[in-house]
Amino acid sequence: MTLLLFMVMLVLAGLGQWDMVLAVLIGLALGNVGAWLLGWD
């Protein structure tokens, strides 16, 4: 899943959609921190 999102970010960056890249990065970071805090894998 993370690899898929990373590839999407690369495509968006190539298209110049930096606000969307930032949104995906923030969502990924929040999701990982939330999963870590809740103990999910």
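Heavy-atom minimum distance, Met9 versus Val21: O-CG2, 3.6 Å.
Contact check for Leu10 versus Phe6: side-chain heavy atoms found under the 4.5 Å cut-off.
In this structure, Val8 is a member of the same hydrophobic cluster as Trp18, with clusters built from ILVMFWY side-chain heavy atoms closer than 4.5 Å.
To the nearest 0.5 Å, atom CG of residue Leu12 and atom CG of residue Asp19 are 9.0 Å apart.
Leu15 meets the side chain to side chain contact (heavy atoms under 4.5 Å, CB included) test with Val11, Gln17; sequence neighbours excluded.
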